[in-house]
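One structure is given here, and the rest of the page talks about it.
None of the values given here were measured: they were computed from a predicted structure. Each chain gets a letter, A, B and so on, in the order the sequences are listed, and its residues count up from 1.
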Protein chains: 2
Amino acid sequence: MSSADTDATRRVTIRDIADATGVAPSTVSRALSLPDRVNRATQQRIQDAARELGYVPNQQARALTSGRTRAVAVLVSDITNPFYFDVIRGTQHQLSAAGWTQLLVDTEESADAETAALGAIATKADGVVLTASRLSDAQIARFAERTPLVVVNRRPPGVPSVLIDTPGGVEQAVQHLVSLGHRDVLYVAGPDSSWSNERRWRALVRVAKRLGVRVARIGPHAPFVDSGAAAADAAVHAGATACIAFNDLIAIGMLARLRERGVRVPEDMSVVGCDDIFGADFCNPPLTTMTSPIERAGRVAIRMLLGRLGALPGDELPTDGPGDHPAEAVALPTHLTVRESTGPAPTARRPS
Amino acid sequence: MSSADTDATRRVTIRDIADATGVAPSTVSRALSLPDRVNRATQQRIQDAARELGYVPNQQARALTSGRTRAVAVLVSDITNPFYFDVIRGTQHQLSAAGWTQLLVDTEESADAETAALGAIATKADGVVLTASRLSDAQIARFAERTPLVVVNRRPPGVPSVLIDTPGGVEQAVQHLVSLGHRDVLYVAGPDSSWSNERRWRALVRVAKRLGVRVARIGPHAPFVDSGAAAADAAVHAGATACIAFNDLIAIGMLARLRERGVRVPEDMSVVGCDDIFGADFCNPPLTTMTSPIERAGRVAIRMLLGRLGALPGDELPTDGPGDHPAEAVALPTHLTVRESTGPAPTARRPS
DNA sequence: TTGAAAGCGCTAACAG
DNA sequence: CTGTTAGCGCTTTCAA
């Protein structure tokens with residue numbers, strides 16, 4: 001039908017639509033971007049023509065004048081980490097629902113790469129979601145002044161952030177362990193540079209004190225499955241009988257090493273992870289862990305960002321209340337998912 | 001030092017550099033993009049000034065005139081699938097090594113979304129990597145005429161593609177099973193719409209015939225862990241004693257269900273997966289699977305794409321031979337990784 | 001409500 | 001080798 005005269009080799013521009021409808025390009029632009037400022041009739045005519053001709057707006061050009069790119073950059077520190085899979089999934093969903101584009105950037109755990117990316121991105125994206133930043137609060141805050149920014153799992157003063165309430169999860173985890181008769185718990189720390197790591201440790205210390213549980217700490221450990229082996233060895237050496245790992249990756253790695261060494265989980269040692277990433281439910285044994293709404297964190301981050309950019313579709317992106325914008329820092333609750341890696345404390349048995 | 005006069009609120013443009021160095025903007029442009037076509041001295045001066053002023057080129061504007069965006073879109077059909085994370089990791093690494101940007105798009109298994117994305121992307125990216133496309137070969141080929149395109153795990157005539165040689169892997173898997181005494185193998189099929197699925201099945205039939213093994217097939221099954229339960233039930237019902245699953249996700253799901261039902265793996269049933277995704281090594285029992293160089297596939301795809309776009313840095317992106325471009329279709333070898341989910345065939349025991 | 005005109009930041013002829 | 005001149009496709013004053 002309409003294919004013969006449509007498959008020109010050149011892309012359709014507003015000029016083509018203007019010619020086709022007999023109006024000026026500027027009117028076409030308006031009809032497409034600010035439909036209210038145009039006569040209903042011509043508006044209709046223009047939109048029809050646009051559809052007819054298969055018009056696709058050129059975001060580059062649009063960005064050049066308006067300064068808005070309709071893209072957001074999502075920075076992750078290690079694309080390898082399954083934790084981010086879920087974040088990315090969340091951001092991607094929310095973004096595409098709003099018709100926006102996601103720029104994915106892997107900063108590879110490097111503050112320099114992060115800074116560089118942030119600098120280079122300013123022109124390509126309208127906003128940034130920063131996860132597990134290696135930058136200082138001050139640096140983040142300073143950058144946030146120039147570019148709309150939402151951070152995940154970090155709390156720089158004055159910068160909107162999405163937090164996953166792992167401290168709350170830690171509390172549940174300790175209580176669970178206590179209910180199983182444990183009186184000592186070992187924290188298997190993640191990287192020193194991780195904000196969440198310190199946060200979890202402090203939460204652990206606090207709860208432990210309240211519940212009269214003794215705590216110890218080993219680490220730091222890189223957040224990889226492979227780090228679990230060393231962590232497991234250290235835990236065994238420390239005579240631990242229950243441990244809470246910085247994240248599921250380390251915990252899963254520990255599980256493997258413990259089995260290898262003949263340390264039974266949970267009979268000899270209870271292990272709890274954190275995050276409930278892909279795999280936590282089918283490792284051996286399935287991991288008791290703090291289930292975090294990671295994907296939701298990604299979605300919420302985008303929602304906050306889009307809200308600040310004034311780009312909320314409104315219909316389908318409910319905010320947390322009747323207020324204008326979502327709160328400046330939202331904390332998403334975590335809950336403990338008990339699986340088979342935790343069990344009763346071994347009675348009166350402590351390796352020397 | 002240089003902060004006082006640097007932190008203007010406006011971004012630095014080539015014009016600023018031109019003013020600072022006393023040359024014309026076009027000279028600045030050249031000095032930055034085609035350094036050879038400019039006097040060494042001025043070139044140096046300009047580059048110094050650019051660095052001094054903290055110049056960051058505006059890709060949007062650059063794209064508008066040159067038509068090149070220095071971005072590539074990577075389309076995946078389901079961002080949830082761990083398989084794609086390795087692909088994405090590969091593309092991301094290779095892209096950022098070349099200083100390019102990655103646009104990640106999740107088409108959510110929908111051909112319409114895929115078409116829409118492809119249309120909308122043409123202006124935002126210089127090329128596209130298409131994984132697990134839901135489009136027909138003809139559609140892909142047609143699109144490839146307009147936009148540089150590389151497909152992964154698909155082979156539309158005339159379109160450059162990166163294949164993972166799972167057929168080769170299937171052969172190894174069957175041989176492995178035969179060496180363990182199995183004479184029957186059940187193929188647990190993936191989605192009907194999957195090109196790889198048919199490809200694996202055909203490879204299986206071929207090898208089986210050659211080795212005198214009987215084959216059967218159940219499915220289709222969606223490529224999720226959750227689909228594994230039904231698959232396991234069907235496999236048991238079919239009296240299978242060895243099966244090869246379309247992918248690790250399904251295989252891992254089967255493992256869980258089989259354990260639940262008291263079917264021992266590998267004593268009662270051997271299970272082999274495909275892909276060797278994150279988790280295949282720590283599920284219970286660890287999965288024998290075809291290890292695919294997934295990340296490498298992503299890297300190679302980008303390399304081919306960049307090669308076609310004439311954007312190969314040259315230094316660090318070796319091609320496969322002394323030829324100009326990498327071959328039009330490269331097949332990456334797969335190898336079988338034997339873990340604990342496969343074992344000797346149960347002797348003379350067949351459930352009714 | 002619409003059109004004309006200017007210009008976003010950059011590149012690409014074309015002269016000089 | 002370098003400057004001048006046009007735009008890329010779109011938005012956005014400013015008039016009409």
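- Using a 4.0 Å cutoff on non-hydrogen atoms, the parts of residues 57-71 of chain A near DNA chain C are Leu64(A), Thr65(A), ordered by number.
- Applying the side-chain contact (heavy atoms from CB on, under 4.5 Å) test to Arg299(B) and every residue at least two apart in sequence or in another chain returns Gln94(B), Glu295(B), Arg296(B).
- For Ser26(B) against dT2(D), a side-chain-to-base donor-acceptor contact under 3.5 Å is absent.
- In this structure, the salt bridge (charged side-chain N to carboxylate O under 4.0 Å, His left out) partners of Asp86(B), at least two apart in sequence or on a different chain, are Arg89(B).
- Residues satisfying the side-chain contact (heavy atoms from CB on, under 4.5 Å) test with Glu109(A), not counting sequence neighbours, are Ser77(A), Asp78(A), Arg134(A).
- Scanning for salt bridge (charged side-chain N to carboxylate O under 4.0 Å, His left out) contacts around Arg154(B) gives Asp137(B), with sequence neighbours left out.
- Every pair passing salt bridge (charged side-chain N to carboxylate O under 4.0 Å, His left out) that includes a residue from residues 14-26 of chain B is listed here, sequence neighbours excluded: Arg10(B)-Asp16(B).
- Protein chain A contacts DNA chain C over a range whose 5' and 3' limits, counting nucleotides with an atom under 4.0 angstrom from a non-hydrogen atom, are dT1(C) to dG9(C).
- Five base pairs at each end of the helix from dT1(C)-dA16(D) to dG16(C)-dC1(D) define two local axes, and these are offset by 40° (rounded to 10°).
- For Ala20(A), the side-chain contact (heavy atoms from CB on, under 4.5 Å) partners at least two apart in sequence or on another chain are Leu53(A).
- Arg40(A) is linked by a salt bridge (charged side-chain N to carboxylate O under 4.0 Å, His left out) to nothing, counting only residues two or more places apart in sequence or in another chain.
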Which donor-acceptor pairs under 3.5 Å do the side chains of residues 117-133 of chain A make with protein atoms, sequence neighbours left out?
residue: Thr123(A); atom: OG1; partner: Asn58(B); partner atom: OD1; Å: 3.0
residue: Lys124(A); atom: NZ; partner: Thr101(B); partner atom: OG1; Å: 2.5
residue: Asp126(A); atom: OD1; partner: Thr69(A); partner atom: N; Å: 2.6
residue: Asp126(A); atom: OD1; partner: Thr69(A); partner atom: OG1; Å: 2.8
residue: Asp126(A); atom: OD2; partner: Thr69(A); partner atom: N; Å: 3.0
residue: Asp126(A); atom: OD2; partner: Arg70(A); partner atom: N; Å: 2.9
residue: Thr131(A); atom: OG1; partner: Leu75(A); partner atom: O; Å: 2.8
residue: Ser133(A); atom: OG; partner: Glu114(A); partner atom: OE2; Å: 2.4
residue: Ser133(A); atom: OG; partner: Leu135(A); partner atom: N; Å: 3.0

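- Of the residues in residues 39-49 of chain A, those lying under 4.0 Å from DNA chain C by heavy-atom distance are Asn39(A), Thr42(A).
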